[in-house]
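Scroll down for the structure; my scribbles are underneath it.
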Amino acid sequence: MKLSRAYIPTQKETPSDAVIPSHRLMIRGGFIKPLAAGIYTILPIGWKVVKKVIEIIRQEMDKIGAQELHMPAINPIEIWDESGRNKSFGDEMFRLKDRKGRGLVLAPTHEEIICDLARKYIKSYKDMPQMWYQIQTKFRDEPRPRSGVMRTRQFTMKDSYSLDCDPEGMRKSYELHAEAYRNIFKRCGIKFHVVGASSGLMGGSASQEFMMETENGEDVLVLCDNCGYSSNMEVAASKFQEKTNSGKYNSLTEIHTPGKRTIQEVSEFLSINPWELIKSILYISEKNEPFIALVRGDHDVNEEKLAKIVGAEIRPAHPDEVKEVCGAETGFVGPVKTAKKVRIIADNALENGKNFIAGANENDYHLGGIDVSRDIGFASFGDIRNVVSGDLCINCGSKLRVTHAVELGHIFQLGTKYAKTMKAFFLDSSGKENPVYMGSYGIGVERLVASIIEQNHDDKGIVWEPFLTPYHVHVMPINMSVNEIANMAEKIYNMFIENSIETIMDDREVSPGFKFKDADLLGMPIQIVIGKKWLNDGKIELKIRKTGETFEVKEEELLLKVNSILFNKA
RNA sequence: CGGGGCGUAGCGCAGCCCGGUCAGCGCGCAUGCUUCGGGAGCAUGAGGUCGAGAGUUCAAAUCUCUCCGCCCCGACCA
């Protein structure tokens, strides 16, 4: 491709709304163009990269025996009512009506359709195992699209589904996927962690996420660099650090704390450590039952864990509900003497603790000297807090590290949840009817591309690996108006093309600096410069984008050199 | 959905506070000449319903209201 004819709209200025590097570089390099919030056109060189990533995915999926199919992106809403997820997806699902008024949805994922296929065609244990996948556009009306192509409302997903007769079969399919995913991310040059995760809206038993560590990630990870324990913060476990309370308040005492609401304000006001306080938060379950969650002052409530213990969806209470249940405004809420009797769930770190301070359920007052077993002995205990940096690993006792990451892939063992509600049954070898065991597995394609850039760039631009780059070689004739240069560039360009090396040539009549900057921004692995050195010494300059290394090469050696750099060919 | 910010030429922005030579700057774009090793110089030129609507006023990019869009921070997911 010649740049003079290519649609690669690079720009010098960083768009003001792009914050993370991959977003900035994809916009500046002409890889993507925004159309609306969370909706992007993928421009030609962006699409070239996407296609290469998809090919890697396809190869690895085929390798584990999965079969590619293509399901409709537009679904009748009834099938989503049947699984109950029309409701649970809520506003996140795009809904529309056809001309007759029939309800349709733009599919955010495809478990329902797979289940429908399964119940129609899987009749016998002999029909399984099956693994089906597709690479397809998904639609999710995200509450907050973000960070360019990292989180969008329309995106490409590789989603696959396994169907098995029993749990062992399902685990086998799950392991095959885990293996394929490791290969895919390795081949994309991603450094990743596989972590235990929450199943969220998908439901089911086990699930793991493939995460790339980056400060710009939306997820929080807990890692043990010693034994390799890794988990999403949503479900991470840890041993908490034991703390000793000063005993400044060692019997039940009301303390006047005017206007001091937060842990920080109260601990500073009373000159005590944050961990001597009990953080009390009122939640309301979906069954409209209020309850108070208690964690130590230096900890945070983990709502995922809490919801699991409660066995229902939960939400923080509104201010008026707090007033009604506890008798005081937020900031002065505590477990002792609430206005209404209320269930209390406390974190393990509080069990048997003494001399704590909490809100007194009276505005501008806290209560000191709380003995947990004496004063709130009716509470139940559990792990309901987030791991904090410095907590210890439950396996090996080393210090845990808390870090940010992007979720690139997620694999689920769904079990029989969908099969049962949607009646996907088969006959086993004894003629008995059983529900199908499902697994579901996803990779966000554009997000993967953005992550690759996130991990492979410098201050000048993107740095592509040879197997993902839109073009292998970027040829730069320094001055198109000098015939010897233009002709040589043309000759080299044609030679590369004939030898299956993907080449882009900057044949524009622009200044050299302009070409160098664009080449660095676009990030092809090899830059070929034809300029003064060619005119004076008959040498062609070859520069490796990643290292900045340069070579002066004779024309007849060029192809060999390029091949060896790109593909390690001798 | 809460909190914060923004919307003026393709991109980045100034102007708004204090209504009235405020329709402006840089980059980009077009044409010509000169240039040609890290986003060249000179000259000429095209390009804007100032997000939309309503209101206040002799007069609105500027003040008021409503709506729309976009971004960032929090509750969800590949």
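Within every chain, numbering begins at 1; the chains are lettered A, B, ... in the order of the sequence lines, protein sequences first and strands thereafter. All heavy atoms count here, side chains included; hydrogens, waters and symmetry mates do not.
For the 3.5 Å distance criterion, the side chains of A/Glu213 and A/Thr403 qualify, holding a donor opposite an acceptor.
For the side-chain contact (heavy atoms from CB on, under 4.5 Å) criterion with A/Cys188, the lone passing option out of A/Asn456, A/Val449, A/Leu448 is A/Leu448.
Put simply, the side chain of A/Glu303 reaches to within 4.5 Å of the side chain of A/Tyr283, judged on heavy atoms. A/Asn183 has its side chain within reach of A/Glu60: a pair of non-hydrogen atoms, C-beta onward, lies under 4.5 Å apart.
Residue order along RNA chain B, read from the 5' end via each residue's closest nucleotide, puts A/Thr10 first among A/Thr10 and A/Glu446.
In this structure, A/Pro15 reaches the sugar-phosphate backbone alone: every heavy-atom distance under 4.0 Å involves primed, P, OP1 or OP2 atoms, never a base. Across all strands, A/Arg28 comes closer than 4.0 Å to base atoms (heavy-atom distances). Using a 4.0 Å heavy-atom distance criterion, A/Gly531 is classed as a base contact. Residue A/Gly513 is classed as a sugar-phosphate contact, given heavy-atom separations below 4.0 Å to backbone atoms only. Using a 4.0 Å heavy-atom cutoff across all strands shown, A/Lys33 reaches no nucleic acid atom at all. As judged by a 4.0 angstrom heavy-atom cut-off over every strand, A/Lys138 is placed among residues making no nucleic acid contact. Nucleic acid contact for A/Ser481: base, since at least one base atom lies under 4.0 Å from a heavy atom of the residue.
To the nearest whole angstrom, the two P atoms, one in B/G10 and one in B/U56, are 32 Å apart. The separation of B/A54 from B/G2, taken at their P atoms, amounts to 28 Å, rounded to a whole angstrom. Spacing of C1' atoms, B/C18 relative to B/C76, comes out at 46 Å, to the nearest Å. For the P atoms, the distance linking B/C58 with B/G15 amounts to 29 Å, nearest Å. B/C16 and B/G24 have their P atoms separated by 15 Å, given to the nearest Å. On the P atoms, B/C33 is 45 Å away from B/C70, given to the nearest whole Å. Nucleotides B/G4 and B/A9 place their C1' atoms 29 Å apart, quoted to the nearest Å. Across the C1' atoms, B/C27 and B/U21 are found 26 Å apart, a figure rounded to whole Å.
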Note to self: I'd like to know whether A/Tyr181 forms a side chain to side chain contact (heavy atoms under 4.5 Å, CB included) with A/Val194, so could you lay out the CA-CA distance, the side-chain angles of the two residues, the decisive distance to 0.1 Å, and finally the verdict.
What the structure shows: CA-CA 10 Å; A/Tyr181 276 35; A/Val194 184; over 6 Å; no
Would you list the protein and nucleotides 67-72 of chain B atom pairs, both N or O, that sit under 3.5 Å from each other?
from: B/C70; atom 1: OP1; to: A/Ala37; atom 2: N; distance (Å): 2.7

Please list each protein N or O that sits under 3.5 Å from an N or O in nucleotides 25-32 of chain B, with the distance.
from: B/G26; atom 1: N2; to: A/Glu13; atom 2: OE2; distance (Å): 3.2

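Side chain of A/Gln11, nearest nucleotide from B/A78, B/C36, B/C11: B/C11. In the set B/G38, B/A78, B/C76, the nucleotide with an atom closest to the side chain of A/His410 is B/A78. Listed candidates were B/C77, B/G12, B/A40. Nearest to the side chain of A/Ser511 is B/A40.
One atom, CZ of A/Arg140, and another, P of B/C76, lie 15 Å apart when rounded to the nearest Å. Note: CG (A/Asp506) to P (B/G39) measures 15 Å, nearest angstrom. Note: CZ (A/Arg151) to C1' (B/G74) measures 13 Å, nearest angstrom. Atom CZ in A/Phe89 sits roughly 8 Å away from atom P in B/C77 (whole-Å rounding). A straight line from NZ of A/Lys539 to C1' of B/G37 spans 18 Å, rounded to a whole angstrom. Atom-to-atom, CD of A/Glu541 to C1' of B/G38 comes out at 13 Å; the value is rounded to the nearest Å. In this structure, A/Met480 places its CE atom 16 Å from P of B/G37, rounding to the nearest Å. The CE atom of A/Met233 sits 18 Å away from the C1' atom of B/C77 (whole-angstrom rounding).
The pairing partner recorded for B/C36 is none, the criterion being a Watson-Crick or G-U wobble arrangement whose two distances lie under 3.5 angstrom. Under the Watson-Crick and G-U wobble criteria, each requiring two contacts below 3.5 Å, nucleotide B/G45 is paired to B/C29. Of the nucleotides present, B/C73 is the one that pairs with B/G2 by Watson-Crick or G-U wobble criteria, both distances under 3.5 Å. Base pairing of B/G55: its partner is B/C63, meeting the Watson-Crick or G-U wobble criterion (both donor-acceptor distances under 3.5 Å).
A cation-pi geometry, defined here as NZ or CZ lying under 6.0 Å from the six-membered ring centre and within 45° of its normal, holds between A/Lys561 and A/Phe551. A cation-pi contact, defined as under 6.0 Å to the ring centre and within 45° of the axis, is absent between A/Lys33 and A/Tyr40.
Remark: the A/Asn479 side chain and the B/G37 base include no donor-acceptor N/O pair separated by less than 3.5 Å. Counting distance only, with no hydrogens placed and no angle test, the side-chain atoms of A/Asp91 and the base atoms of B/C1 include no donor-acceptor pair under 3.5 Å. For A/Lys517 and B/G37, a side-chain-to-base donor-acceptor distance below 3.5 Å is absent, hydrogens and geometry of angles not being considered.
Residues satisfying the side chain to side chain contact (heavy atoms under 4.5 Å, CB included) test with A/Pro290, not counting sequence neighbours, are A/Leu282, A/Ile284, A/Val325, A/Val342.
Ring planes of A/Phe89 and A/Trp80: perpendicular class, angle over 60° (limits at 30 and 60°). Taking the six-membered ring where tryptophan is involved, the planes of A/Phe412 and A/His410 are essentially parallel, since the angle between them stays under 30° and well short of 60°.
Both stacking criteria are satisfied for A/Phe155 over the base of B/A78: a centre-to-centre distance under 5.5 angstrom and an angle between ring planes under 30 degrees.
Taking 4.0 Å as the cut-off between side-chain N and carboxylate O, A/Lys158 and A/Glu68 do not count as a salt-bridged pair.
For the pair A/Lys515 (side chain) and A/Pro477 (backbone), a donor-acceptor distance under 3.5 Å is present.
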